[in-house]
Amino acid sequence: HPPGVNYLEKNEGKKISINIPSNPYLVYLGSNDFHKNLDIVLSALKFDDLANIKLVLIGDNESVLGKSRKSKAINQVVSMGQLSDAETAYVIRNSKALVFPSLYEGFGLPPLEAGLLGTPSICSDRPVMNEILVGGALFADPESVAEWKEKILEIIYDESLWKKTALEAQKIAKNFSWELFF
């Protein structure tokens, strides 16, 4: 079996009391390891036409704040640290997209987890991702800041593209749900 993806929400109905940005925001889930390539997203956010876009970090990635302090994007980065599954689901569902800029990845679950929540992703244009998520994500060269900027602008401002991609992401993710295997 391929890896299965679970619905993140476990406590449907409980009130989530977590502050999310009022601006449109992207979400990044995971650590700040070199191969995760988060710098490319931070670099794209420095452009003036993305100045109102926030990047919400979920996970153990304090080192990103250090990096973002040195860049023009410091006011755009919001670190939430470790969250419960239900809080993570809430943050992802209210975001415009999950960013997954990895240079290499065995099998990337975050875009599928986001897809189950009806949230599209912007992923590195790498075989594992572009084979699985065709139509359910936008793809950008993991070494091109200009491409990341362009894809972020598209997912945030092109409503019909966002809807189409989100629906397809959900359809694809459901094919990878553990519920199918048991």
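These numbers were taken from a predicted model, which means no experiment stands behind them.
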Next item on the list: Find out if a path of hydrophobic residues (ILVMFWY) with successive side-chain heavy-atom gaps under 4.5 Å connects Phe47 to Ile122.
Entry: yes
Next item on the list: Answer yes or no: does atom CG of Asn19 have more than 12 heavy-atom neighbours from other residues, nucleotides or ligands under 6.0 Å?
Entry: no
Margin query: Please enumerate all residues that pass salt bridge (Lys or Arg N to Asp or Glu O under 4.0 Å) together with Glu147, with sequence neighbours excluded.
Written below: none
Next item on the list: Taking all non-hydrogen atoms of both residues into account, name the closest pair between Leu133 and Cys123 and its distance.
Entry: CD1-SG, 3.9 Å
Margin query: Between Gln76 and Leu55 (side chain of the first, backbone of the second, donor and acceptor by atom type, cut-off under 3.5 Å), is there such a pair?
Written below: no
Margin query: Taking side-chain contact (heavy atoms from CB on, under 4.5 Å) as the definition, give me every residue that meets it alongside Ala169, ordered by chain and number, with sequence neighbours left out.
Written below: none
Check: Does Asn37 use its side chain to pair, donor to acceptor, with the backbone of Leu103 at less than 3.5 Å?
Finding: no
Margin query: Measuring from atom CG of Leu116 to atom CD of Glu113, what distance do you get when rounded to the nearest 0.5 angstrom?
Written below: 8.0 Å
Checklist line | Same apolar cluster (I L V M F W Y, side chains within < 4.5 Å links), Val78/Leu83 | finding: yes
Item checked: Qualifying residue, where the test is salt bridge (Lys or Arg N to Asp or Glu O under 4.0 Å) with Lys149 and the options are Asp49, Asp48, Asp141 -> Asp49
Margin query: Please tell me whether Ile18 and Leu29 are part of a single hydrophobic cluster in this structure, the criterion being side-chain heavy atoms less than 4.5 Å apart.
Written below: yes
Note to self: Check for me, please, whether Tyr157 and Leu161 land in the same ILVMFWY cluster - side-chain distances under 4.5 Å, paths through other members count.
What the structure shows: yes
Next item on the list: Enumerate the residue pairs fulfilling salt bridge (charged side-chain N to carboxylate O under 4.0 Å, His left out) with a member in residues 115-138, sequence neighbours excluded, ordered by first and then second residue.
Entry: Arg126-Glu143
Margin query: Taking Val91 as the starting point, is it possible to reach Leu109 by hopping between hydrophobic residues whose side chains are less than 4.5 Å apart?
Written below: yes
Note to self: In the structure I gave you, are the side-chain heavy atoms of Thr119 and Val27 within less than 4.5 Å of one another anywhere?
What the structure shows: no
